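Since we're looking at a predicted model, the values are computed, not measured. Note on naming: letters A, B, ... go to the chains in the order of the sequence lines (proteins, then strands), and numbering restarts at 1 for each one.
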2 protein chains.
Amino acid sequence: MDIQLKRGMLDVCVLTAIKNEDTYGYQIIKNVKPYVELSESTLYTILKRLESAQMLTVRTSEHDGRLRKYYHITEKGLKRIEEFKEEWKEIMLIYSFIMKEGDND
Amino acid sequence: MDIQLKRGMLDVCVLTAIKNEDTYGYQIIKNVKPYVELSESTLYTILKRLESAQMLTVRTSEHDGRLRKYYHITEKGLKRIEEFKEEWKEIMLIYSFIMKEGDND
DNA sequence: ACGGTATACATCGTATCACGAAGTATTGTT
DNA sequence: AACAATACTTCGTGATACGATGTATACCGT
């Protein structure tokens with residue numbers, strides 16, 4: 001699908017994925033896979049961005065000799081999700097325009 | 001609102017705006033204004049892009065001494081709108097993920 | 001006559017961001 | 001021994017929305 005269309009949703013997707021329990025990158029990809037394809041390079045870019053924006057915190061942990069970075073959502077991160085839900089109304093307005101004009105097919 | 005979220009929708013918005021009748025830039029902005037804010041620089045960038053992609057054709061006309069460029073949608077442009085409607089299903093899937101996980105507020 | 005606003009289009013530069021490619025390192029499987 | 005899976009990282013690129021700025025004409029109030 002068109003990459004551009006997903007823009008702005010992926011950040012919120014990642015925040016949503018870690019909302020209920022702290023989790024790590026590789027797991028996030030698996031969790032969201034049924035809903036949206038997310039490459040590793042994309043995910044880790046997003047995680048960095050969200051950390052910079054203080055929407056999540058990181059805790060490094062070792063598991064079977066392998067490094068794992070567990071991500072935890074912050075208040076700011078939760079707020080971002082709520083903001084998205086508000087913004088979605090505007091998106092639906094744009095969508096309604098496209099569908100409204102398309103009723104004469 | 002978050003600019004990123006609109007990405008990928010604006011092209012289709014513009015195509016939708018000229019779908020029913022040939023129209024020109026300044027008018028398009030007015031037409032879509034109730035639904036989405038669209039600056040001139042953004043619009044003309046999009047129109048150029050859509051023309052390059054052969055999704056619309058241009059016809060220059062004079063009106064009260066002022067130049068006007070009327071845009072006409074092509075088959076390819078109409079197809080793009082239909083494609084968007086298909087892609088929207090994937091967008092709604094992503095949206096459902098965000099909402100599904102948010103039911104424990 | 002003058003100034004401001006509306007009409008109409010154009011160009012440039014910038015910031016944001018998704019992603020493919022490639023790499024490092026360990027563990028499990030065949 | 002070879003390969004897949006797990007796990008994270010960095011680099012470079014292409015797409016694109018938009019503010020700033022510019023050009024030019026028409027209209028309207030004072």
From [atom1] of [X] over to [atom2] of [N], roughly how many Å is that when rounded to an integer?
X	N	atom1	atom2	result
L5(B)	dA15(D)	CG	C1'	17 Å
Q4(A)	dG14(D)	CD	C1'	9 Å
H63(B)	dC27(D)	NE2	P	9 Å
I29(A)	dC19(C)	CD1	C1'	12 Å
I46(B)	dT11(C)	CD1	C1'	16 Å
L67(A)	dT9(D)	CG	C1'	11 Å
R59(B)	dC9(C)	CZ	P	12 Å
R49(A)	dC19(C)	CZ	P	11 Å

Using only modelled atom types and a 3.5 angstrom limit, is any donor from either the side chain of [X] or the base of [N] paired with an acceptor on the other?
X	N	value
R7(A)	dT16(C)	yes
E40(B)	dC18(D)	no
S39(A)	dG20(C)	no

Please tell me if [X] has a side-chain N or O lying less than 4.0 Å from either OP1 or OP2 of [N].
X	N	answer
K48(B)	dT11(C)	yes
K69(B)	dA10(C)	yes
K30(B)	dA6(C)	no
R66(A)	dG28(C)	no
Y24(B)	dC9(C)	no
Y44(A)	dC8(D)	yes
T42(A)	dA18(C)	no

- prompt: Do T42(B) and T45(B) have side-chain atoms, one donor and one acceptor, less than 3.5 Å apart?
  reply: no
message: Could you tell me if the side chain of M55(A) sits less than 4.5 Å from the side chain of L15(A), heavy atoms only?
response: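 Of all side-chain heavy-atom pairs linking M55(A) with L15(A), at least one is under 4.5 Å.
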- request: Only pairs at least two apart or in different chains count here, so list each ring pair (Phe, Tyr, Trp, His ring centres under 6.0 Å) that has a residue in residues 60-85 of chain A.
  value: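 Output for this query lists Y24(A)-Y70(A), F84(A)-W88(A).
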- prompt: Does T16(B) use its side chain to pair, donor to acceptor, with the backbone of V12(B) at less than 3.5 Å?
  reply: yes
message: Does R68(A) reach a base, just sugar-phosphate, or nothing at all? Heavy atoms under 4.0 Å.
response: sugar-phosphate
query: Going by side-chain heavy atoms closer than 4.5 Å, which hydrophobic residues are tied to L67(A), directly or by a chain of links?
result: none
